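Taking it in order: structure first as C-alpha cells, then the write-up.
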Amino acid sequence: MKRTKIKAVLNMAASPGEVFVQGWVRTKRDAKDFSFIELNDGSCLANIQVIAANDLAEYRQVEKLTTGSAAGVTGTLVASPGKGQKWEIQATAVDVISIAPENYPLQKKRHTDEFLRSIAHLRPRTNKYGAAFRIRSRMAQAIHAFYLDKGFYYLHSPLITGSDCEGAGEMFRVTDLDPADVQKQGRMDFSRDFFGQEANLTVSGQLSAEMFALSLGDVYTFSPTFRAENSNTRRHAAEFWMLEPEMAFCDLDGNMDHAEELVKYLVGHAMDHCREDLDLFMRFVDKDLGQRLETLVSKPFARLSYTDAVEILKKCGKTFEYPVEYGIDLQSEHERFLAEEHFKTPVFVTDYPRQIKPFYMRMNDDGQTVAAMDLLVPGIGELIGGSQREERLSVLEARMDEIGLDKDPYWWYLDSRRFGTVPHAGFGMGFERFLMMITGISNIRDVIAFPRTPGSIDF
RNA sequence: UCCCCAGUAGCUCAGUUGGCAGAGCGAGUGGCUGUUAACCACUAAGUCCGCGGUUCAAGUCCGUGCUGGGGAGCCA
C-alpha cells in the first residue's frame, strides 16, 4: 500500500477506509487492551493518533515502542471518539522500523532552546523547530514565487570572490596554500594560490546583481553570504542567507515601495499557508506576534529622512547612552526607539550622511547625503538596507577617490557606468532576520538548521 | 572585542553561616485507565565545568581558564 503523509491524512474530509502512514513516535500511552501511539512524520505540526490493540500479531513489538522510535502503520481511518483530534487510525498492522533506546535525548517535556541547540541534529523533531523549519522552507519558496510573478530573474552570484570588492565587513579567506609552506616562507604568496590572487567568501551579491540588473532589467540574488566578524549577538551569524533584489530604471521611492510590498507579501503568504505552525509561535513563543504580523500587513510603513529621525530623537526627551547628533550612525537604542516606541511600525530611514554609507550609494543634490534607505523593524532592528546606486561615472569615481578606494579592481563595475548607465536601485534583506520577525524566535541560531557563529561549527 | 549573568542527576533547577548531595520532570519496573505533556507506586541515576589556592573541612570563599546566555560595538 502507498504511504500517505500525515498532513494529508489529517486534512481528509471523509475516510478513505484504509491508510498507510510512516513516522516517528512522539509518545505512547498504554491502556488495558491497547496502546495510543502519537505518530509524527514531519509533514505538519500535528500527530496522528494510532490505536494499536493487543490482539495485533506484532503487539509484543508495539509494546517496546519508545519516544523517538520509527514505525509504519496500516489501518482504518475513523472519526476519533476522544477529544483533541478529528481522526485516528485503528491499526491492522504495525511495522516497527526501529526502536530508540532509553537515552534518546528528546523527552516528553519542554526543553530550553540552549539545550536543543546542543542537539541541533535532533531538534527538528520537536514541535517548535519542526514548525520553524517548515516556515523557513515555505518563505524561501515564497520569495521565488513573488519574483517569478513580478518578472524578475534569479541570479546565481558567485560565493567565492576576488579580495578587494564589496567592502562590507571582515571576510573569510579562501586558499589552498599549504599552511606548512606559508609558515616556512613567513608569508602567503597569493600568486601561487589557487586563483593566483587573494580570494574570499562573498559578503554580498550586490555588485554582481547590479551588472545583471543593467542587462536583464530586474534581478534578485538569494544565497548564502559570509561574515568573519567576531560578533557574538543573537542577531548575527557567520553564514547567513541574504535576498538582494536589484532593479534598473528604479529610484529610492520605487526601491522602498518594492521592499514594503515584498515584506507584506511574505507575511501574508505565511499567514495564509503556515497557519498551524505560526499559531504555535503566537501561543507559546511570542504572545504579541499575531498583533504584530497583523499590523505589518495592514499598516503602511513609516518613511522619514535621517535628518528628521535625528530631530525626533533629539526632541523625544529620552536620554540615550549614545547621545544623538547629526552625522553619527543610528545606534541600536535609537533604531529601537523609532520603530518600537515612536512609530510602532516598521520605518524606512532615508538619505543618510554620505560619510557613514558605502561608496556606491547615489549622491543627493545637496552633495551631503546619499539616497540610502534602511528598514527598521520592531524587535529586530535593521531588516533591510539598500539604496539607489550612483549611476554617474564621474560622481562615482569622485566618491571612490574621496574614501581612498583603489579603482583598478572595480574596472568592470565602472564599465557599467560607461556603457549605457541608467538609474537603478536595490537592497539586501537578511533572510534569518526576516524569519525571526515572522516567528518571534529571538535568537538567529534557532532559525538556522546548523548555525555557524564565532567559535562554534558543530554538526 | 568589551560589560553583566550562569555552569550541581538525562532535562529544569534548589542547596541556609564553609560541616553527610536534594526536588520536580524524564528513564526503568509494576499497577490502573478511550488516553491527550495521562495517572499511582517503587527503583536506578552525580568528575557539583576544568585547573590552582585559602581552610581541620569547599558545591559554597579567592584566582584563573573554558563553555553557554543577555547587552554593546559591527552589521543583515
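Each chain gets a letter, A, B and so on, in the order the sequences are listed, and its residues count up from 1. As the structure is a prediction and not an experimental result, all values here were calculated from the model.
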Quiz item: Between A:T233 and B:G73, is there a side-chain N or O to OP1/OP2 distance below 4.0 Å?
Solution: no
Quiz item: How far apart are the closest heavy atoms of A:L65 and A:K28, and which atoms are they?
Solution: O-CE, 2.8 Å
Practice problem: Just call it for A:I444: base, sugar-phosphate, or nothing, with non-hydrogen atoms closer than 4.0 Å on any strand. | Solution: base
Quiz item: Any donor-acceptor pair under 3.5 Å between the side chain of A:E170 and the base of B:G73?
Solution: no
Quiz item: How is A:N230 classified with respect to the nucleic acid when contacts are heavy atoms under 4.0 Å: base, sugar-phosphate, or nothing?
Solution: base
Quiz item: Does A:R445 have a side-chain nitrogen or oxygen under 4.0 Å from the phosphate oxygens OP1 or OP2 of B:G68?
Solution: no
Quiz item: Under 3.5 Å, is there an N or O donor on one side and an acceptor on the other linking the side chain of A:H111 and the base of B:C11?
Solution: no
Practice problem: Can you check whether any acceptor in the base of B:C75 is under 3.5 Å from a donor in the side chain of A:R433, or vice versa? | Solution: yes
Quiz item: Is NZ or CZ of A:K264 both nearer than 6.0 Å to the six-membered ring centre of A:F301 and within 45° of the ring axis?
Solution: yes
Quiz item: Which part of the nucleic acid does A:F34 contact within heavy-atom distance under 4.0 Å: base, sugar-phosphate only, or nothing?
Solution: base
Extract all donor-acceptor atom pairs below 3.5 Å that involve side chains of residues 12-22 of chain A and protein atoms in other chains or at least two apart in sequence.
unit_1 : atom_1 : unit_2 : atom_2 : d
A:S15  : OG     : A:G17  : N      : 3.0
A:S15  : OG     : A:L77  : O      : 2.6

Practice problem: Give one of base, sugar-phosphate or nothing for A:Y322, where a contact means two heavy atoms less than 4.0 Å apart. | Solution: sugar-phosphate
Quiz prompt | Salt bridge flag under 4.0 Å for residues A:R354 and A:E390 | solution = no
Quiz prompt | side-chain contact (heavy atoms from CB on, under 4.5 Å) partners of A:P81, counting only residues at least two apart | solution = A:E88
Exercise. Using only heavy-atom distances, decide whether a donor-acceptor pair under 3.5 angstrom links the side-chain of A:E114 to the base of B:G68.
Key: no
Self-check item: Integer angstrom distance from the P of B:C25 to that of B:G65
Solution: 40 Å
Exercise. Provide the Watson-Crick or G-U wobble partner of B:C2, both distances under 3.5 Å; none if there is no partner.
Key: B:G71
Quiz item: Between A:F222, A:F152, A:Y220, A:Y265, which is the residue that forms a ring-ring contact (aromatic ring centres under 6.0 Å, His included) with A:F146?
Solution: A:Y265
Self-check item: Separation between the C1' atoms of B:A21 and B:U60, rounded to whole Å
Solution: 13 Å
Quiz item: Would you call A:F36 stacked on B:G34, i.e. ring centres under 5.5 Å apart with the planes less than 30° off parallel?
Solution: no
Quiz item: With a non-hydrogen cut-off below 4.0 angstrom, is A:F115 in contact with a base, only sugar-phosphate, or nothing?
Solution: sugar-phosphate
Quiz item: For the base of B:U33, is there a side-chain donor-acceptor partner from A:D30 under 3.5 Å away?
Solution: no
Exercise. Determine the Euclidean distance between corresponding C1' atoms of B:A14 and B:G46; express it in Å to zero decimal places.
Key: 15 Å
Quiz item: With a 4.0 Å cut-off on heavy atoms, is A:R235 in touch with a base, just the backbone sugar-phosphate, or nothing at all?
Solution: base
Quiz item: Within the structure, does a side-chain N or O atom of A:T27 lie under 4.0 Å from either OP1 or OP2 of B:A37?
Solution: no
Quiz item: Looking only at atom P, what distance separates B:C3 and B:G63, rounded to whole Å?
Solution: 15 Å
Quiz item: Would you say A:R110 reaches B:G24's phosphate, i.e. side-chain N/O to OP1/OP2 under 4.0 Å?
Solution: no
Exercise. Tell me what A:S35 touches on the nucleic acid: a base, only sugar-phosphate, or nothing, going by heavy atoms under 4.0 Å.
Key: nothing
Practice problem: In whole angstrom, give me the gap between the C1' atoms of B:C49 and B:A9. | Solution: 15 Å
Exercise. Give a yes or no on whether a donor-acceptor pair under 3.5 Å exists between the nucleobase atoms of B:C75, that is its base, and the side chain of A:S231.
Key: no
Self-check item: Touch class at under 4.0 angstrom, heavy-atom based, for A:N443 against every strand present
Solution: sugar-phosphate
Exercise. Please state the C1' separation for the pair B:C66 and B:G50 - nearest whole angstrom.
Key: 7 Å
Quiz item: Which ones in residues 74-88 of chain A lie close to RNA chain B, meaning a heavy atom under 4.0 Å from one of its atoms?
Solution: A:S80, A:P81, A:G82, A:K83, A:Q85, A:E88
Exercise. Say whether A:S35 and A:D30, considering side chains only, have a donor N or O and an acceptor N or O under 3.5 Å apart.
Key: yes
Quiz item: Are A:Y129 and A:D113 linked by a side-chain donor-acceptor pair shorter than 3.5 Å?
Solution: yes
Practice problem: Return the orientation label for the A:F359 and A:Y410 ring planes: parallel under 30°, perpendicular over 60°, tilted otherwise. | Solution: perpendicular
Practice problem: Determine the contact category for A:Q49: base if any of its heavy atoms lies under 4.0 Å from a base atom, sugar-phosphate if only primed atoms, P, OP1 or OP2 are that close, otherwise nothing. | Solution: base
